[in-house]
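Chain letters run A, B, ... following the sequence lines, proteins first and then strands; every chain starts at 1.
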Amino acid sequence: MKTIPHSYKTIWQTVKQIPKGKVATYGQVAELADLKGQARLVGYALHNLPEKSKIPWYRVINSKGKISFTNSSKTFKLQRRFLVKECIVFLSNKIDLEKYGWLNNIQKQWKAI
DNA sequence: AACGTGACAAGGC
DNA sequence: AGCCTTGCCACGT
């Protein structure tokens with residue numbers, strides 16, 4: 001039986017909050033989960049998601065705005081399909097974080113006040 | 001117990 | 001724009 005680190009749960013909890021049509025980076029998720037600087041852990045936690053979870057893992061991408069799987073892999077295509085379905089646009093395989101980044105928009109809203 | 005490997009990121013060049 | 005470190009943490013050998 002596999003032991004589940006406590007940090008996984010907070011990471012999963014955080015990812016669950018990313019709204020539809022938005023994305024967050026591994027680093028941003030880590031920071032929100034109070035695990036600043038531990039982006040790798042986020043990837044690891046998502047890799048270990050239970051099968052049936054409804055957590056939107058596909059809304060997490062890397063800091064370059066790209067999907068962190070190799071382009072030919074099945075999971076890469078699956079993730080891209082999920083994102084496109086939420087009207088997220090890819091330009092030369094990249095996502096515009098200014099436009100679709102969850103946190104970026106939060107910051108903008110705060111600035112606007 | 002050391003070492004290599006990941007769905008990472010930031011900084012240097 | 002890429003490629004190469006370095007820091008990071010959990011796991012499997």
A:Y44 side-chain proximity, nearest of C:dA10, C:dG7, B:dA7: C:dA10

Within less than 4.0 Å of OP1 or OP2 of C:dC8, is there a side-chain N or O belonging to A:Q38? no

For B:dC8, does either OP1 or OP2 sit under 4.0 Å from a side-chain N or O belonging to A:S68? yes

Taking the C1' atom in each of B:dG6 and C:dC8, what is the distance between them to the nearest angstrom? 12 Å

A:S63 has its side chain closest, among B:dA7, C:dC11, B:dA9, to B:dA9

Atom CZ of A:R80 to atom P of B:dA7: distance rounded to whole Å? 18 Å

Distance in angstrom units between A:E31 CD and C:dC8 C1', rounded: 15 Å

Under 4.0 angstrom between A:T25 side-chain N/O and B:dC8 OP1 or OP2: no

Out of B:dA7, C:dC11, B:dC8, whichever nucleotide has its closest atom nearest the side chain of A:W57: B:dA7

With a 4.0 Å cut-off on heavy atoms, is A:L46 in touch with a base, just the backbone sugar-phosphate, or nothing at all? base

Given that A:K66 and A:G37 both sit by DNA chain C, which one's nearest nucleotide is further toward the 5' end? A:K66

Counting the atoms with a prime plus P, OP1 and OP2 as sugar-phosphate, which does A:Y8 contact under 4.0 Å by heavy atoms, base, sugar-phosphate, or nothing? sugar-phosphate

Which class fits the ring pair A:W57 and A:F82: parallel under 30°, tilted 30 to 60°, perpendicular over 60°? perpendicular

Less than 4.5 Å apart, any side-chain heavy atom of A:I61 and any of A:L97? yes

Pairwise C1' distance, C:dT13 and B:dA1 [rounded to whole Å]: 12 Å

Hey, mind stepping through A:I88 and A:R59 against side-chain contact (heavy atoms from CB on, under 4.5 Å) and telling me if it holds? CA-CA 10 Å; A:I88 288 174; A:R59 294 185 189 138; 6.0 Å; no

Presence of donor-acceptor pair under 3.5 Å, side chain of A:Y26 and base of B:dA7: yes

CZ of A:R80 to CG of A:N93, rounded to nearest 0.5 Å, is 6.0 Å

